[in-house]
Amino acid sequence: MIKTVLLDKFLHNRNRFDCGIDPLNNYLKNTANQQTQKDNTRTFVLQDPMENSHIIGFYTLTMVSMDAQGLPVDLQKKHRFSSAAGLIARLAVDSRYRGQGFGEWLLVDALKKLLYASDMAAFPLIVVDAKEGSGFFYEKYGFTPFHDAKNKLFITIADVRISFS
Ligand SMILES: CC(C)(COP(=O)(O)OP(=O)(O)OC[C@H]1O[C@@H](n2cnc3c(N)ncnc32)[C@H](O)[C@@H]1OP(=O)(O)O)[C@@H](O)C(=O)NCCC(=O)NCCS
């Protein structure tokens with residue numbers, strides 16, 4: 001069975017990971033572990049079950065200030081007293097493992113973790129920073145672009161909860 005684990009700098013071969021986008025590769029190599037140690041973000045990796053040091057893909061989770069400006073009016077009203085949203089800050093699959101469903105698997109796993117976090121310390125939205133024109137990937141799974149920032153998309157926790165129920 002495949003599962004995500006926290007990035008482990010001694011176990012996981014970060015230098016081998018290559019998703020084709022240097023800022024994402026470099027983040028995993030140089031920054032992700034430090035930020036986890038500082039409790040600023042959490043980076044989870046999907047290990048290759050054949051060789052645990054090989055990273056199939058990863059995602060990074062944190063929180064972000066709630067910016068209601070670009071939301072539909074009904075959501076702006078509903079969540080006007082909310083101050084934070086969950087953030088999928090990064091998500092990438094190594095090019096060698098693309099097109100096999102791992103991107104979808106990682107996204108579902110990230111959404112489950114954030115749903116659990118919201119069940120414990122409520123926040124109403126999950127936001128994703130879809131760099132490098134990957135917005136279509138997220139739209140396929142129910143995310144909606146903010147009116148004022150096309151590379152930033154959101155999904156409500158209520159919709160995530162329904163999709164897993
Ligand atoms: C986007 C990414 C995570 C997808 O990973 P993947 O493992 O190839 O995706 P999957 O095999 O799970 O594909 C799931 C579905 O998404 C679709 N898809 C994959 N990449 C897509 C993209 N860039 N745009 C739109 N749809 C995409 C697939 O066609 C598939 O749909 P289908 O089942 O109807 O055929 C991967 O291409 C990647 O790491 N890209 C570089 C980094 C990046 O852009 N990250 C996101 C922003 S930080």
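Indexing begins at 1, ligand by ligand and atom by atom, following the structure's order. Worth saying up front: this structure is predicted, and the values here are computed from it rather than measured.
- For atom 39 (O) of ligand 1, the candidate residues are V93, L106, L91; the nearest heavy-atom contact is made by V93.
- Contact annotation: the side chain of I55 never approaches that of N13 to less than 4.5 Å [non-hydrogen atoms, C-beta and beyond].
- Just one of L28, L24, N30 meets the side-chain contact (heavy atoms from CB on, under 4.5 Å) condition when paired with N26; it is N30.
- Contact annotation: for I21 versus ligand 1, heavy atoms closer than 4.0 Å belong to the side chain alone.
- For the pair I126/V160, a side-chain contact is recorded, criterion being any heavy-atom separation below 4.5 Å from C-beta on.
- Between atom 38 (C) of ligand 1 and the options E104, R98, R90, the minimum heavy-atom separation is to R98.
- Applying the 4.0 Å criterion to heavy atoms of G101 picks out, from ligand 1, the atoms 10 (P), 11 (O), 12 (O).
- In this structure, the side chain of Q35 does not engage the main chain of N40 through any donor-acceptor pair within 3.5 Å.
- Counting the atoms of ligand 1 from 1 in the order shown, those under 4.0 Å from a heavy atom of A92 are 39 (O), 42 (C).
- Between L111 and L107 there is a side-chain heavy-atom pair separated by less than 4.5 Å.
- The one candidate from W105, F102, F44 that meets the ring-ring contact (aromatic ring centres under 6.0 Å, His included) condition with Y59 is F44.
- When heavy-atom distances to ligand 1 are checked against a 4.0 Å cut-off, Q100 comes that close only through its backbone atoms N, CA, C and O.
- Between W105 and ligand 1 there is no heavy-atom distance shorter than 4.0 Å.
- Taking a cut-off of under 4.0 Å to the non-hydrogen atoms of G99, the atoms of ligand 1 that pass are 6 (P), 7 (O), 8 (O), 11 (O).
- Atom CE of M120 has more than 12 neighbouring heavy atoms from other residues, nucleotides or ligands inside a 6.0 Å radius.
- Selection from G103, S134, C19 by nearest heavy atom to atom 7 (O) of ligand 1 gives G103.
- For the side-chain hydrogen bond (donor to acceptor under 3.5 Å, both in side chains) with T4, the lone residue among K112, K113, Q47 that qualifies is K113.
- Closest heavy-atom approach to atom 42 (C) of ligand 1 among the candidates V108, N25, L24, L107: L24.
- Side-chain contact check for F154 versus P124: every heavy-atom pair is 4.5 Å or farther apart.
- Listed by number with element, the atoms of ligand 1 under 4.0 angstrom from any heavy atom of F136 are 24 (N), 25 (C).
- Contact annotation: for Y138 versus ligand 1, heavy atoms closer than 4.0 Å belong to the side chain alone.
- Ligand 1 is approached by Y141 to a heavy-atom distance shorter than 4.0 Å.
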